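Reviewing the structure listed below.
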Amino acid sequence: MSKAKTTDNSGKRKPEKGPTPAKDTHQAAGGELHQVAGGGHPALTTNQGVAFSDNQNSLRASPRGPTLLEDFILREKITHFDHERIPERIVHARATGVHGFFELTASLEQYTTARILTGVGEKTPVFTRISTVAGGAGSVDTPRDVRGFAVKFYTREGNWDLVGNNIPVFFIQDAIKFPDLVHAVKMEPDRGFPQSATAHDTFWDFISLTPESMHMVMWIMSDRTIPRSLRMIEGFGVHSFRLINAAGESTFVKFHWRPKLGLQSTIWDETVKISGADQDFHRRDMFDAIAAGNFPEWEFAVQLFTQEQADSFPFDHLDATKLIPEELVPLQVIGRMVLDRWPNNFFAETEQVAYCPANIVPGIDFSNDPLLQGRLFSYLDTQLSRLGSPNFHQIPVNAPKCPFANHQRDGHMQMAQPTGRVAYEPNSLSENSPREAPKGFHSAAVTESGEKGRIRAESFADHYSQARQFYLSQTTYEQAHIASALVLELSKVEHLHIREAMVGHLLHIEKDLANRVADGLGFDAMPDAPVAAAPVQEMAPSPALQIIGKMKATLAGRAIGILIADGSDGAAIRKIKKAAADAGASVKIIAPKVGGAKLADGTLLAADGQLAGTPSVLFDAVAVILSDKGAKALSMEGAAIDFVRDAFGHLKAIAVDQGGQALLKNANVGQDAGVVDVNDRKAFIAAAKTRQWDREKSIRTLA
Ligand code: HDE
C-alpha cells in the first residue's frame with residue numbers, strides 16, 4: 001500500500017492546516033539552533049543541547065546484549081517522559097481552553113475605577129477555560145455535569161480571574177462543605193466508578209441530606225448540564241462581588257456571559273450516544289469552529305444593585321444557592337468576549353493555567369458570600385500542589401501582561417533573575433525598587449459587626465423557594481426533561497431510602513414534580529416531606545431561566561449531515577448543501593465508505609465521514625438522499641437505520657427524497673412537520689433551526 005500523501009519519507013506527518021497560528025517551535029525558549037539535521041530540520045538534541053545521531057536505538061553492549069546505563073540520551077528521554085504528568089485538578093480536570101479578547105462597550109465609570117470596566121473600546125486579552133467538573137482529564141466531554149466557565153483577563157492593572165460556571169447558583173452555602181460535596185459526586189472510593197456521573201448513591205445520599213442544594217439540583221437535572229456546544233452555554237460569576245468607584249463607594253454586582261449563538265442543549269438519549277460516538281465532541285466543536293473562523297462570542301453583562309435593594313430581596317444575595325432574577329434586577333450588557341485563538345500547546349496553556357477567584361484588580365472587591373470567601377483560599381493552595389512551585393505565575397499563560405514587581409524571591413523553578421542588593425521594603429539602598437502605589441488595590445470600607453461563631457445566617461434558611469421558581473419558569477417540555485432526569489438518576493441509586501428522601505424534598509418544590517418522579521420510580525406511596533427550615537415563598541416565574549426561550553432560530557454554529565450512497569442524486573445534494581451553508585450551517589457528507597459514493601451522474605463525491613463512525617447525533621439536522629438501490633442497501637445497514645431513527649428520536653429536522661423516505665419507512669420512522677421533502681429547502685432550513693418538541697410525546701415516555 002502506498003504511503004499517505006501527508007507522510008514524507010521520514011514517516012513524519014507534514015503540518016496540516018489548522019487553527020494553530022504559531023510556527024512549530026521545538027527549541028528551548030531563547031535557545032539558538034546551532035545544528036541542522038539536513039532537509040531544513042533542526043537537529044534533535046538533549047536538553048543540554050547535545051545533538052544526537054540515533055533516536056531509534058538505545059546504547060547496547062552488543063547488538064543483542066544488555067542496554068548500558070551510560071546511555072544518557074535514553075535516560076534523559078525516559079526520565080522526562082516519566083514526569084510528563086502533573087497532578088490533575090481535583091475538580092474541573094477535563095477542559096477546553098481558548099485565547100481571545102474582551103472589549104468593553106459601555107463604561108461603568110460611575111461604579112468602579114477598574115480600567116477593564118471603564119475603558120470603552122479597549123481590547124483586553126483573555127484566556128478562557130470551559131470544563132466539566134466531576135470527571136478526570138481523560139473523561140468524555142458530554143456527561144450530565146455543570147460546566148466551569150473560567151476567564152482570565154490580562155488587564156493593564158493586573159490579572160482578573162472570573163472563575164464561574166454555566167449555572168448561576170451552587171450546591172452549598174459554605175465552603176467547608178465543598179470537600180464533602182466533591183467526594184460524594186466523584187467515583188465511589190471502594191469501586192472506582194462512576195467516572196463522571198451524578199447518577200449514583202453517594203451523590204444523591206449527600207444531596208438528599210443537604211436541602212440547600214435543591215435549587216442547584218433543579219438546574220443540574222435540566223438540560224443545562226447537557227449542552228449542545230460550549231459555544232452555546234451561558235456563564236455566571238455566581239457570587240455577588242463589589243465595584244468601588246473613585247469616591248470609595250461600593251455597589252454590588254453579579255457577572256453574566258450570554259452566548260451570541262443562543263442557548264442550546266441536547267436530548268439525554270442523544271448525549272449518551274454522543275459520548276460513544278465522539279468523546280471529544282465539545283473540544284472538537286470548539287477547535288473546528290475556531291479553525292473555520294467562526295469565533296465564539298459572548299455578551300458580558302452585569303446586574304448592579306445597592307445594599308438597600310439587597311435588603312429588600314426576599315432572599316439573601318450572599319447565599320450562593322440563590323440567584324437574582326433578571327426581572328428583579330435587569331442585565332446591562334457592557335461588553336463582549338470573542339475567542340479566536342486555539343492554544344499552541346494544550347499542556348502549556350490549558351493544563352497549566354491557574355485561575356484564582358482572589359485575582360481581582362483595583363475597583364473590584366469581594367462580597368461576604370461564605371462560599372466565595374472559602375474559594376479565595378482554595379485556588380492558590382491547589383495551584384501550589386498542582387504546579388509545584390510558588391513561581392507558577394511566571395508560566396506564560398499565567399503571567400500578567402502588565403509590568404509586575406515585588407520583593408518575593410527564589411523558590412522552585414525561579415525563572416526571573418532579579419538584580420541588585422535589595423529584596424525588602426522599605427529600603428534606602430535602591431532608588432528604583434518597587435514601592436506601594438497609593439492608587440493600588442483598596443478593599444471596600446465595610447463595617448462588620450455581630451457575634452463570632454460557626455453560624456449559618458437565618459437569611460440562608462430558605463432552600464426551596466427558588467427551586468420552585470426555577471421549575472415553574474420552564475416550558476412544559478423542559479419540566480418533563482427535569483422530571484425524567486430525576487427518575488433516571490434516582491433509578492440508578494440502589495438505596496430506597498435515598499430515593500424516598502429525594503422525592504420528599506420535591507414535595508416542597510412542586511407537588512406535580514414529586515408525583516411524576518414518584519410514579520416514574522414506581523413508588524406505592526408518597527414519602528413524607530422533610531421539615532422545611534423556612535416557609536416556601538411563591539415567586540414570580542422568570543422566563544429568563546428557560547433554555548428553549550433562549551434558543552436562537554439560526555443555523556450559525558450548527559451542523560447538518562447529508563447521508564448519501566452510490567446512486568444518490570448529485571443535484572439534490574448540491575442544492576441542500578448550498579441552502580444549509582447559506583443559512584450558516586457547517587455541512588458534512590456521510591457515506592458508507594469514506595472514499596465517497598458514486599452519484600447517479602457517475603461522479604464520485606468524497607465523504608467527510610464514514611457512516612458507522614458518523615452517526616446523526618453529531619448533527620443538528622440531517623438530509624437523506626438515496627437512490628432506490630441505495631435505500632435498499634442501507635435498509636440492511638444498522639448504522640443507517642440508527643442514523644434516521646436517532647435523528648427522529650432526537651427531534652431533528654429530516655429532509656428526504658424518495659430513497660430517503662424509503663429508508664425512513666424501513667426504519668419505522670414516522671412522519672411529521674419536521675420530516676420534509678428535500679426540494680422544500682425553505683421548510684427544511686426553518687425546521688432545522690429548532691427542535692421538533694411536539695414530536696417527543698409520540699416517541700418517548702417522559703416522567
Ligand atoms: Fe471551584 N475549584 N471551588 N468553584 N472551580 C477549582 O481550583 C473550590 C466553586 C470553578 O479552569 C479548583 O485550579 C472550592 C464555585 C471552576 O482551572 C479548586 C469551592 C464555582 C474551576 C476549587 C469551589 C467554581 C474550579 C480545582 C467551594 C463557580 C476550574 C482546580 C467554596 C462560581 C478552573 C483549581 C480552571 C476549580 C475549589 C466552588 C468554579 C480545588 C473550595 C461556586 C470554573 O481550588
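What you are looking at is a predicted structure, and each value in this text was computed from that prediction instead of being measured. Order of appearance sets the numbers: ligands from 1, and atoms from 1 within every ligand. Scope of the values below: all heavy atoms of this structure, side chains included, with no hydrogens, waters or symmetry mates.
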What about the rings of [X] and [Y], do their centers lie closer together than 6.0 Å?
X: Trp160; Y: Phe255; value: yes
X: Phe170; Y: His239; value: no
X: Phe315; Y: Phe460; value: no

Numbered atoms and elements of ligand 1 in range of [X], under 4.0 angstrom, heavy atoms:
X: Ile90; answer: 40 (C)
X: His92; answer: 5 (N), 10 (C), 16 (C), 21 (C), 25 (C), 29 (C), 36 (C), 39 (C), 43 (C)
X: Gln383; answer: 13 (O), 34 (C)
X: Val91; answer: 2 (N), 6 (C), 26 (C), 30 (C)
X: Ala175; answer: 31 (C)
X: Phe149; answer: 43 (C)
X: Gly164; answer: 28 (C), 32 (C), 39 (C), 43 (C)

Which residue and heavy atom of the protein sit nearest [atom], plus the separation:
atom: atom 24 (C) of ligand 1; answer: Arg375 NH2, 3.1 Å
atom: atom 17 (O) of ligand 1; answer: Arg89 NE, 2.8 Å
atom: atom 33 (C) of ligand 1; answer: Tyr355 CD1, 3.9 Å
atom: atom 28 (C) of ligand 1; answer: Asn165 ND2, 3.2 Å
atom: atom 1 (Fe) of ligand 1; answer: Tyr379 OH, 1.8 Å
atom: atom 8 (C) of ligand 1; answer: Phe178 CE2, 3.2 Å
atom: atom 11 (O) of ligand 1; answer: Arg129 NH1, 2.6 Å

Ring geometry between Phe300 and Trp257 (parallel below 30°, tilted from 30 to 60°, perpendicular above 60°): tilted

Test log, rule side chain to side chain contact (heavy atoms under 4.5 Å, CB included), inputs Glu212 and Arg456: CA-CA 12 Å; Glu212 71 205 52; Arg456 194 73 66 100; 2.9 Å; yes

Ser131, any N or O under 3.5 Å of ligand 1 N or O: no

Within 45° cone and under 6.0 Å: Lys401 NZ/CZ vs Tyr154 ring: yes

Pairs flagged by salt bridge (Lys or Arg N to Asp or Glu O under 4.0 Å) wherever residues 342-356 is involved - sequence neighbours left out: Arg89-Glu351

Inter- and intrachain pairs under salt bridge (Lys or Arg N to Asp or Glu O under 4.0 Å), touching residues 160-182, at least two apart: Lys152-Asp161, Lys177-Asp180

Heavy-atom gap Ala95 to ligand 1 smaller than 4.0 Å: no

Residue part near ligand 1, for Thr382, under 4.0 Å between non-hydrogen atoms: side chain

Val163 contact mode with ligand 1 (heavy-atom cut-off under 4.0 Å): both

OG1 on Thr96 to CD1 on Ile130, rounded to 0.5 Å: 7.5 Å

From NE2 (His481) to CD1 (Ile226), nearest 0.5 Å: 8.0 Å

Result of checking Lys260, Glu297, Arg258, Glu299 against Arg336 for side chain to side chain contact (heavy atoms under 4.5 Å, CB included): Glu297

Heavy-atom pair of closest approach, residues Glu157 and Pro362: O-CD, 4.0 Å

Shortest reach to atom 40 (C) of ligand 1 by a heavy atom, considering only Ser378, Ala93, Ser385, Cys356: Ser378

